[in-house]
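Each ligand, and each atom within it, is numbered from 1 in the order the structure gives. For the numbers below, each heavy atom of this structure counts, side chains included, while hydrogens, waters and symmetry mates do not.
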Amino acid sequence: MGGSTPGGGAQYTILSPAAHEETVLLYKSVKGMHDLIPPASKLWSKIEKTAQTLFESFGFQKIVTPIVEEADLFMRSVGETSEVVQKQMYVFKDKKDKTLCLRPEGTASVARAYVEHRLFHPEPYQKLYYWGPMYRYERMQQGRYRQHFQVGVEVFGSADPRIDAETIYVLSQFYQKLGISNFQTEINSIGDATCRPKFRDLLVSYFKKYEKDLSEDGKLLLERNPLRLFDSKEEAIQKICQSAPVITQHLCVPCKTHFEAVQRALTQLNVSYHVNPHIVRGLDYYCKTAFEIVSGGLGAQNALGAGGRYDGLVQSLGGPDIPAFGFATGIERLMLALEGTQEPGYDVDVFVCALGEKAQAFAFGLVNKMRMQNISTEVDYEDRALKKQMQKADRMNARYVLIVGDTEIEKGEAVLRNMKTKVQKDISFSNILEVLQREILK
Ligand code: HAM
C-alpha cells in the first residue's frame, strides 16, 4: 500500500518513515499489522456504517466476541489439517498453561458463543453480525496481512436454500452500496458427509496417477485434505486439476437438490453468479454451498469475501443439531477496492478564527454550542494572527471559516467564508447557529 494523501483519496496505510527524517522511529507497528489513520479512517467508518445499516435492515443483530479464544476451538472447527490452524495461528500459553490463540476468523467464535449462551433457546433462528480484527501469520503481500479486519454475518437455525441465496445477496448488496461493481460471485456445492467422502476417494485415486508430479506440499495435501488441491497455486497441480473429477457431478440427491434451489433463488434475486466447481474453501466446517466473491482489481489476493453453509459446526461444539450459513469480508481488501474512488470531503465543517481577547471569549462559548448542534467545529486558542489561523484552517481541511474580531464583536456580526468558493458574507450573532446549519446541509 502506498503513501497517505492528506485530504485526498483515502488509503489504508501509514506515512512511510522516510517522510519524517526528523523523527527517530524507536518503535514501529508489528510486521503485517497496520495503524488506521485519517483520512483512511473516514472511509473505514463509512464501510462500518454501511454494514451496520444494511445488515440490521436484514434483521442481523450485533455480536462481539473476544479476540482471544482457546486454540482448541479452531482446531476442532476450522480443522487440524487446515493451513490456518497448521501454519497461521498465533498460539500462546497463559500463566495457567492454557493454550490460547488470537482468533484467525469469526465463525467458530460466534458459533461458540451461540452454544455457550444457549442462543438457540427458545428460538434457534438467530441472525448475528460482527466486526473485528482477525490474526493469521501469513506471508505478506498486497491484500494479505497478519492482522486484518472482517465484517461478517452468521444465520443459525435454517437449512433452507433461500437462506444461502439471501445471505449471498446481502453481501453483493453491501459491495454495491459501497460503490464496488467490479466483482464476480462464484458458487459451488462441496457436498456433505454422505457424498463428500465418496468424492474424496475418487479424487485421491485420480491424483495418485500423478503423484510423482506433485511437490512435497502437494503430496501432503493429497494425504490429508485432497479437496484443497483445487486451491493450490502450484502450476503443476493446477494443470492436473483441470481434468480432475468435479464434485458437482458427484453430489448426493439432497445436496444436488439444495444446490439447484440455491441457484434458482439467486436468479430470482437477480444475483449474477458463476458455478465454479473448484471452490473448496480452506476451512473444514463447510458443507453444501460454498462461495467466494472475487474482484478483478485486487491482484493475487482477489477474494473480497467468502462464506458458505456449515450445518454440523454447532453440534460439533456441543450444541444441538442446528444448521447455519454465513460470510465474512475483509475490510482492508474493501479499502483497496475503493482506493481513489472517494470524494476528498472536509475534515471540519467550520474553523473559527477568533482575533483578540473578547473574540476569543465569545468563540470559546460559540464553538461548543456549534458542536452540540452536530456542526464539526475547530478553533485556534493560540491567539495568532489571522493569516496563521487561516493557514491552519486550510491544513485542517475546513469547509468554512468563521471570522470574529473586535470589529465583529462591536457590530454583533461574524464573517463566514466558504473556503472553496472564497465567497464571504456577514452573519448576525443572533442567528449564527441557524445559518450555519443551513449552509452545512447544502
Ligand atoms: P475466509 O475466506 O478465510 O473466511 O476470510 C474471509 C475474508 O477475509 C476473505 O475473503 C478476505 O477478504 C479476508 N481475509 C482473509 N485473510 C486475510 C488476510 N490475511 N489479510 C487480509 N484479508 C484477509 C472466513 O474467515 C470465514 N469465517 C467466513 C465465513 C463466515 N464463513 C461462514 N461464515
- prompt: Tell me: protein heavy atom nearest atom 21 (C) of ligand 1, and distance?
  reply: Gly143 O, 3.2 Å
message: Taking 4.0 angstrom as the limit and counting only heavy atoms of Gly326, give me the atoms of ligand 1 inside it, by number and element.
response: 30 (C), 31 (N), 32 (C), 33 (N)
task: Give the residue and atom name of whichever protein heavy atom lies nearest to atom 25 (O) of ligand 1, and the separation in Å to one decimal.
output: Arg136 NH2, 3.1 Å
field: Residue portion contacting ligand 1 (non-hydrogen atoms closer than 4.0 Å) for Tyr285
entry: side chain
message: Please determine whether the number of non-hydrogen atoms from other residues, nucleotides or ligands lying under 6.0 Å from atom NZ of Lys219 exceeds 12.
response: yes
query: Less than 3.5 Å between some nitrogen or oxygen of Leu304 and one of ligand 1, yes or no?
result: yes
message: Can you confirm whether Lys422 is buried at NZ, in the sense that more than 12 heavy atoms of other residues, nucleotides or ligands lie under 6.0 Å from that atom?
response: yes
query: By number and element, which atoms of ligand 1 are closer than 4.0 Å to a non-hydrogen atom of Tyr286?
result: 26 (C), 28 (C), 29 (C), 31 (N), 32 (C)
Salt-bridge present (Glu166, Arg162; N to O < 4.0 Å): no
message: Given the ring of Phe325, does Arg309 sit roughly above its face, with NZ or CZ under 6.0 Å from the centre of the six-membered ring and within 45° of the axis?
response: no
message: Check Glu70 with Arg76, please: is the shortest side-chain N to carboxylate O separation under 4.0 Å?
response: no
- prompt: Is the closest basic N to carboxylate O distance between Asp380 and Arg384 below 4.0 Å?
  reply: yes
field: Taking atom 11 (C) of ligand 1 as the reference point, the nearest protein heavy atom with its distance
entry: Arg333 NH1, 3.4 Å
- prompt: ligand 1 and Tyr310, any nitrogen or oxygen pair closer than 3.5 angstrom?
  reply: no
message: Between Lys256 and Glu260 (salt bridge meaning N to carboxylate O under 4.0 Å), is one present in this structure?
response: yes
task: Keeping the roles fixed (side chain from Thr23, backbone from Leu25), state whether a donor-acceptor pair exists under 3.5 Å.
output: no
query: Is it true that Phe325 lies under 4.0 Å from ligand 1, counting heavy atoms only?
result: no
task: Measure from the side-chain N and O atoms of Asp311 to the backbone N and O of Pro323, and report whether any donor-acceptor pair falls under 3.5 Å.
output: no
field: Contact with ligand 1 for Gly305, non-hydrogen, under 4.0 angstrom
entry: yes
- line: Among non-hydrogen protein atoms, atom 30 (C) of ligand 1 lies closest to Thr107 OG1, 2.9 Å
message: So, regarding Arg144 and ligand 1 (criterion: nitrogen or oxygen to nitrogen or oxygen, under 3.5 Å), is there a contact or not?
response: no
task: Using atom types as modelled and distance alone, determine if a side-chain donor or acceptor of Ser41 lies under 3.5 Å from a backbone N or O of Trp44.
output: no
task: Classify the ring geometry between Phe230 and Phe199 as parallel (under 30°), tilted (30 to 60°) or perpendicular (over 60°).
output: parallel
field: Contact with ligand 1 for Glu332, non-hydrogen, under 4.0 angstrom
entry: no
Close N or O approach (Gly307, ligand 1; < 3.5 Å): no
- request: May I ask you to test the Met89-Tyr137 pair for a side-chain heavy-atom distance under 4.5 Å?
  value: no
message: Polar contacts were defined as any N/O atom of the residue lying under 3.5 Å from an N/O atom of the ligand; does this apply to Gly330 and ligand 1?
response: yes
- request: Answer yes or no: does an N/O atom from Leu283 fall short of 3.5 Å to an N/O atom of ligand 1?
  value: no
message: Just so I know, are the side chains of Gln147 and Phe149 near enough to count as touching, which here means a heavy-atom distance under 4.5 Å?
response: yes
statement: Taking only non-hydrogen atoms of Glu138 and a 4.0 Å limit, the atoms of ligand 1 in range are 16 (N), 18 (C), 19 (N)
task: Ignoring angles and geometry beyond distance, decide whether Tyr145 reaches within less than 3.5 Å of ligand 1 through its nitrogen or oxygen atoms.
output: yes
field: Short N or O distance, Glu105 and ligand 1, threshold 3.5 Å exclusive
entry: yes
- request: Could you tell me whether ligand 1 has any atom less than 4.0 Å away from a heavy atom of Arg281?
  value: yes
task: Between Arg146 and ligand 1, find which residue part has any heavy-atom pair under 4.0 Å and reply side chain, backbone, both or neither.
output: neither
message: Angle between ring planes, Phe156 versus Tyr114, binned at 30° and 60°: parallel, tilted or perpendicular?
response: parallel
statement: If you compare Gln150, Met140, His148 by their heavy atoms, the one closest to atom 23 (C) of ligand 1 turns out to be His148
statement: So for Glu292 against ligand 1, with non-hydrogen atoms under 4.0 Å, the contacting part is neither
query: With a cut-off of 4.0 Å, which atoms of ligand 1 are near a heavy atom of Glu154?
result: 30 (C), 32 (C), 33 (N)
